[in-house]
Amino acid sequence: MLTLGIESSCDETAAAVVEDGLRVHSNVIASQIETHRKYGGVVPEIASREHLEKIDEVVTEALHRAGVGIAQIDGLAVTQGPGLVGSLLVGINYAKGLAYAARKPIVGVNHIEGHLYSTVFEHGAPEYPALALIVSGGHTNLFLIPEPERYKLVGRTRDDAAGEAFDKVSKLIGLGYPGGPVIDRLARQGNRRAIVFPLAEIKDPDHRLDFSFSGLKTAVLRHVREQQLPPVADPAAPSADILDLCASFQNAVVRALVRSLRKAAEEHAPRTILLAGGVACNSELRAAVTQLAAELKVPVHIPSPIYTTDNAAMIAAAGYPKLLRGECAPWLMSAEVSWRIQNVDVESVKKKVRYRL
Ligand code: KG4
Ligand code: ZN
């Protein structure tokens, strides 16, 4: 069964053709990073316009690289949320138009659920229960997955997402957007013990696996002011103080993430640990999670960078079981900008925000 996945929730326009939810026939990603770099972050209005310009080309290319036409596709899976409303609507409406014209079933996929499926291409399906840490520019979540498609949110960020912390700190010291890749690179040359940033303590016993990164960001700001560190003028030749700051900041983020992951693993005894989302590209985090998993003797699935950052192969994989069951979204399907996934032990379901054209 061939699924065409379409993703446009943030600043990547992506399309992919995936067979049986596992074998990637094509995975095309048009990134807008260069467009948004000069603004120091994603500008939603510009993002939607660029999606609109690229989507047809990207989908056509994905079909072309897979060597198929739309007639050979069995179903479509499109990111329905969460994300930027204008960006989401471009993908959703394009996908609906294509599905309608080609008479194919279509399902809406939660972007976070997509990230949870990003490990299957290189590692196969996880053994359950699985414990997943999803770390990206917009999300930092810990999910317990007792069985396929069942999710319990056991930890989340109370303020900034981990990637957002990287991006804000990077901007603060003059390293630009996105911050993760550059801080990761510079941190390798710095001393991670140079500055001891304390980790946030979540006092609430019911949410002790939660994360908080805004205090860390403020601590970096205070350090920069106290030490009177000038913004980096030449990213190719940063000062030793900047290298140490990058290494110490990154280490604090990684310690916070791994601390909760360890507690959750000890509590829930997972049979697989999953790490996904853009921040899963981070070399120190990958190494720390790999080491934790080895210590706990639990297999760990961490995708290659091409699948950790936003892509449509993961959306196709997440849509596959739904299409296989014969699900098909109504034509009224629209963006769910703050769609959460939690379908185990749901205590309070937050009202969904619904946008229509
Ligand atoms: O998953 P993603 O592509 O988009 C969202 O859904 O947010 O994640 C993008 C985020 C950005 O904040 C970026 O700075 C971060 O992932 N990132 C990294 C690294 N590469 C990307 N953070 C830390 N280390 C990296 N190597
Ligand atoms: Zn994402």
Side-chain angles (χ1 to χ4, degrees), residues 1-19 21 23-37 39 42-111 114-115 117-118 121 306-307 309-320 322-323 328-337 355-357:
M1 176 168 165
L2 285 183
T3 307
L4 171 65
I6 296 180
E7 152 68 35
S8 70
S9 65
C10 189
D11 61 344
E12 261 97 25
T13 321
V17 175
V18 176
E19 185 185 346
R23 279 177 296 283
V24 181
H25 288 232
S26 64
N27 186 28
V28 178
I29 304 170
S31 170
Q32 303 180 3
I33 282 184
E34 287 315 318
T35 308
H36 299 287
R37 202 189 291 278
Y39 303 103
V42 178
V43 184
E45 186 57 36
I46 297 176
S48 349
R49 283 179 203 203
E50 212 165 308
H51 284 306
L52 207 51
E53 277 165 22
K54 299 229 182 95
I55 190 131
D56 191 46
E57 203 182 307
V58 166
V59 172
T60 306
E61 182 65 19
L63 291 169
H64 174 74
R65 287 194 200 169
V68 294
I70 187 69
Q72 283 128 288
I73 294 292
D74 297 291
L76 283 79
V78 62
T79 304
Q80 196 182 350
L84 302 170
V85 64
S87 295
L88 287 165
L89 285 171
V90 174
I92 293 169
N93 287 305
Y94 184 92
K96 284 203 292 191
L98 194 58
Y100 185 77
R103 296 169 196 270
K104 304 288 177 185
I106 179 171
V107 289
V109 167
N110 182 300
H111 181 81
H115 276 299
Y117 274 82
S118 65
F121 311 118
I306 189 75
Y307 297 123
T309 46
D310 289 349
N311 66 87
M314 67 183 196
I315 302 302
Y320 167 71
K322 303 178 204 305
L323 289 163
C328 185
W331 294 120
L332 275 175
M333 170 178 53
S334 195
E336 298 282 1
V337 292
Y355 284 80
R356 288 232 171 83
L357 261 190

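Because the structure is predicted, anything quoted here is derived from the model rather than measured. Residues take their numbers from the sequence shown, with the count starting at 1.
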Practice item. Check Ile106 against Lys96 and note the closest heavy-atom contact, atom names and distance. Key: CD1-N, 3.8 Å
Practice item. Report the C-alpha separation of Met333 and Val78 in whole Å, then their side-chain angles, then the decisive distance to 0.1 Å, and conclude whether the side chain to side chain contact (heavy atoms under 4.5 Å, CB included) test is met. Key: CA-CA 11 Å; Met333 170 178 53; Val78 62; 4.0 Å; yes
Practice item. Decide side chain to side chain contact (heavy atoms under 4.5 Å, CB included) for Val90 and Thr13; before the verdict, give the C-alpha distance in whole Å, the side-chain angles of both, and the deciding distance to 0.1 Å. Key: CA-CA 10 Å; Val90 174; Thr13 321; over 6 Å; no
Point to revise | CG on Leu89 to OG on Ser48, rounded to 0.5 Å | key: 8.5 Å
Practice item. Indicate the atoms forming the closest heavy-atom contact of Pro82 with Ser9, along with that distance. Key: O-CB, 3.7 Å
Study note, to complete from the structure: Closest non-hydrogen contact found for Pro105 with Cys328 is CA-SG, 3.8 Å
Check your understanding: Got a sec, which residues hit salt bridge (Lys or Arg N to Asp or Glu O under 4.0 Å) with Glu12, two or more places apart in sequence or on another chain?
Key -> none
Check your understanding: Got a sec, which pairs hit salt bridge (Lys or Arg N to Asp or Glu O under 4.0 Å) with one end in residues 62-79, sequence neighbours left out?
Key -> Glu61-Arg65
Review point. Can you find a pair of side-chain heavy atoms, one from Val28 and one from His64, that are under 4.5 Å apart?
Key: no
Exercise for review: Could you tell me which non-hydrogen atom of Tyr117 sits nearest to which non-hydrogen atom of Phe121, and how far apart they are?
Suggested key: O-CE1, 4.2 Å
Review point. Taking everything shown except Gln72 itself, do over 12 heavy atoms lie less than 6.0 Å from its CD?
Key: yes
Check your understanding: Is any side-chain heavy atom of Leu88 closer than 4.5 Å to a side-chain heavy atom of Gln80?
Key -> no
Review point. Would a 4.5 Å heavy-atom cut-off, applied to side chains only, mark Leu4 and Ile70 as touching?
Key: yes
Exercise for review: Just do the side chain to side chain contact (heavy atoms under 4.5 Å, CB included) check on Ser8 and Thr79 with the steps written out, would you?
Suggested key: CA-CA 7 Å; Ser8 70; Thr79 304; over 6 Å; no
Point to revise | Audit row: Ile306, Ile29, side chain to side chain contact (heavy atoms under 4.5 Å, CB included) steps and yes/no | key: CA-CA 9 Å; Ile306 189 75; Ile29 304 170; 3.9 Å; yes
Review point. So which heavy atom on Ala312 is nearest to which on Asn27, and how close?
Key: N-OD1, 4.0 Å
Exercise for review: For the residue pair Leu98 and Ile73, establish whether any side-chain heavy-atom pair is separated by less than 4.5 Å.
Suggested key: no
Check your understanding: What is the minimum heavy-atom distance between Lys104 and Ala71, and which atoms define it?
Key -> NZ-O, 2.8 Å
**Study point:** Rounded distance (nearest 0.5 Å) linking atom CG of Asn93 with atom NE2 of His51
**Key:** 13.0 Å
Point to revise | Ion pair Arg37/Glu34, N-O distance below 4.0 Å | key: yes
Check your understanding: Less than 4.5 Å apart, any side-chain heavy atom of Ile6 and any of Ile315?
Key -> no
Study note, to complete from the structure: Rounded to the nearest 0.5 angstrom, the NE2-CG distance for His25 and Leu2 is 6.0 Å
**Study point:** Side-chain heavy atoms of His115 within contact of Asp310, under 4.5 Å
**Key:** yes
